[in-house]
S.K.: 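Below you'll find the structure I mean.
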Amino acid sequence: MSAEFEPVIGLEVHVQLATATKLFCACPADGAGKAANANICPVCTGQPGALPVLNRRAAELAFTAALALGGKIPARSVFARKNYFYPDLPKGYQISQYEEPFCAGGSVALPGGRAVRLTRIHLEEDAGKLLHGVGSEKLAHSLVDLNRAGVPLIEIVTEPDLRSAEEAADFLAALKAVLQYCGVSRCDMEKGELRCDANISVRPAGSRTLGTRAEVKNLNSFRFVGDALDYEFRRQCAVLAEGGRVVQETRLWDADAGVTEGMRGKEEAHDYRYFPDPDLPPLAAAPELLERLRIGLPELPAARRARFSAALGLSDYDAQVLTADRSLADYFEAALESAAGEAPEAPRAALAKALSNWVQSEMLARGGAEACPVPPARLAGLIGLMLKGTISGRIAKEIFPRMWDTGKAPAELVAELGMTQVSDAEQVAAWVAEAAAENPKAAADLRAGLEKAAGALVGAVMRKSQGRANPALVQRLIKERIR
Ligand code: ADP
Ligand code: MG
Ligand code: ZN
């Protein structure tokens, strides 16, 4: 980014609460895979006389988010009508919160530890969806799907505390982890369960005043957030460098073209004519309820990360990757417990490191802990066989996918496939001799002191042994016998 200017970024993040039903009616909240308008009723389609009733679970999840993020929860908050016309909004208003949201303040720690301050969090309902360009060319028209109408959201608004596109992405990842840990939201961005509007202005580096901002609407992937902010920063810098002025406006990210485009300016900004919704009483936050929710909070990602570093000796990076996803961290801890039982003499930190590598490479590559059918104890069993020297690391990597696919125990697969590691020096030496005879050039090079020629011989021995030769023994015997 430019040396003369710095970006100032604030985010408005919409998160879908993990409820079974919508915010003010009993319709299912999950419309994925359903026919259009399968999940609708008189309330969420805004029929005259239909009255909203607040979903208790949605309120509990919202309060849980506020507690986990360290916000202040006032004794009461107020639902307000945000009035505007759009075909996906049959009531002509969205029920939201405005002057009195359920949460004020709070913060999210970036990986480096710096806190990004939250301004507020409020509850609101989602709107429907328009399907454009349906029908023949001549009669092209748009259809309305109201499955999403009334789905519960919280909107989390940050202070303009972020200073780069990377920080914005780090913030979103940290926020997502907290919300997933407490079960507030699944935060599946592909399903639109977490999306954000990014506000960005630029100012001379070191300045304390804020520049004029543009708001990029509806970014639904981390990559779009990063790309849109990078683009918008460069665009605004160019405007200022030419002596121009940034106009306050709403812009849209065009991912295909890689540009943001003006959607509406300040003059066209909506006047939503907010007023308290007369159909809904204020939302009371009972102290007993808040206390119950507070006690129910799990260990949060930052605390868990710190514990993984301090108690298990994992690097900051490893602790970060393992704790970013709760199911992965849970899996890792359960496997570590079992592995410690399998190999009580092995130092805990060494086990943790071995398992951490394993979980990060083999498991994440195959879809993560949630997709993994191998119970943690089984993985611990496999690591145990490896640590005891029954199988090599390489064989372990071959066994794991088979455990994944067949559901069989590691020892059973090792026996079935005859993959026990061969540590018999005589057998390995015989393979080494054969390998040297079949690769005279590599053997001669090694004798002449060309260390890297050993690699070809190791490879040959491993092929001969079908991967079963003890690698340390192979290395040693090649050194002893050939050189
Ligand atoms: P609105 O509701 O009109 O979008 P808000 O005042 O609620 O306006 O601000 C929304 C977001 O914009 C917040 O995240 C805030 O931090 C951010 N923001 C406000 N002013 C600036 C600025 N000058 N530069 C960058 N971000 C800003
Ligand atoms: Mg905004
Ligand atoms: Zn409904």
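Both ligands and their constituent atoms are indexed starting at 1 by order of listing.
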S.K.: Measure from atom 9 (O) of ligand 1 to every heavy atom in Glu215, Arg213, Glu159 and give the option owning the shortest one.
M.R.: Arg213

S.K.: Let me know which of Thr250, Asp197, Thr260 forms a side chain to side chain donor-acceptor pair (under 3.5 Å) with Lys217.
M.R.: Asp197

S.K.: Go through ligand 1 atom by atom and flag the ones less than 4.0 Å from a non-hydrogen atom of Thr158.
M.R.: 13 (C), 14 (O), 15 (C), 16 (O)

S.K.: Can you sort out the partners of Ala340 under side-chain contact (heavy atoms from CB on, under 4.5 Å), two or more places apart, ordered by chain and number?
M.R.: Arg348, Leu351

S.K.: Please indicate whether Arg223 has more than 12 foreign heavy atoms, meaning atoms of other residues, nucleotides or ligands, lying under 6.0 Å from its CZ.
M.R.: no

S.K.: Can you sort out which atoms of ligand 1 are near Leu210, meaning under 4.0 Å from one of its heavy atoms?
M.R.: 23 (N)

S.K.: Name the atoms and distances for all side-chain donor-acceptor pairs under 3.5 Å in residues 46-55, with sequence neighbours left out.
M.R.:
from: Gln47; atom 1: NE2; to: Thr45; atom 2: O; distance (Å): 3.4
from: Gln47; atom 1: NE2; to: Thr45; atom 2: OG1; distance (Å): 2.9
from: Asn55; atom 1: OD1; to: Arg57; atom 2: N; distance (Å): 2.9
from: Asn55; atom 1: OD1; to: Ala58; atom 2: N; distance (Å): 3.2
from: Asn55; atom 1: ND2; to: Thr21; atom 2: O; distance (Å): 3.2
from: Asn55; atom 1: ND2; to: Thr21; atom 2: OG1; distance (Å): 3.1
from: Asn55; atom 1: ND2; to: Lys22; atom 2: O; distance (Å): 3.0

S.K.: Using salt bridge (Lys or Arg N to Asp or Glu O under 4.0 Å) as the criterion, list what pairs up with Glu299, not counting sequence neighbours.
M.R.: Arg304, Arg307

S.K.: Which of the atoms of ligand 1 are close to Val157, meaning less than 4.0 Å from one of its heavy atoms?
M.R.: 13 (C), 14 (O)

S.K.: Do we see a donor-acceptor contact under 3.5 Å between the side chains of Thr64 and Glu60?
M.R.: no

S.K.: Do any nitrogen or oxygen atoms of Ile9 lie less than 3.5 angstrom from nitrogen or oxygen atoms of ligand 1?
M.R.: no

S.K.: Evaluate the criterion side-chain hydrogen bond (donor to acceptor under 3.5 Å, both in side chains) for residue pair His14 and Glu12; output intermediate values, then yes/no.
M.R.: CA-CA 7 Å; His14 289 91; Glu12 295 160 273; over 6 Å; no

S.K.: For Gly10, counting its heavy atoms only, list the atoms of ligand 1 lying under 4.0 Å from any of them.
M.R.: 14 (O), 16 (O), 26 (N)

S.K.: Would you kindly say whether Ser185 and Glu193 are connected by a side-chain donor-acceptor distance under 3.5 Å?
M.R.: no

S.K.: Return yes when atom OH of Tyr272 has more than 12 non-hydrogen atoms of other residues, nucleotides or ligands closer than 6.0 Å, and no otherwise.
M.R.: yes

S.K.: In total, how many protein N/O/S atoms does one find closer than 2.8 Å to the Zn ion (ligand 3)?
M.R.: 4

S.K.: Relative to ligand 1, is Asn199 under 4.0 angstrom through side chain, backbone, both or neither, heavy atoms considered?
M.R.: both

S.K.: Heavy-atom pairs closer than 4.0 Å: do any link ligand 1 to the side chain of Glu12, the backbone, both, or neither?
M.R.: side chain

S.K.: Does Lys82 make a cation-pi contact with Phe275, if we ask for NZ or CZ under 6.0 Å from the ring centre and within 45° of the axis?
M.R.: no

S.K.: State the atoms of ligand 1, each with its element, that fall below the 4.0 Å cut-off from a heavy-atom position in Leu11.
M.R.: 14 (O)

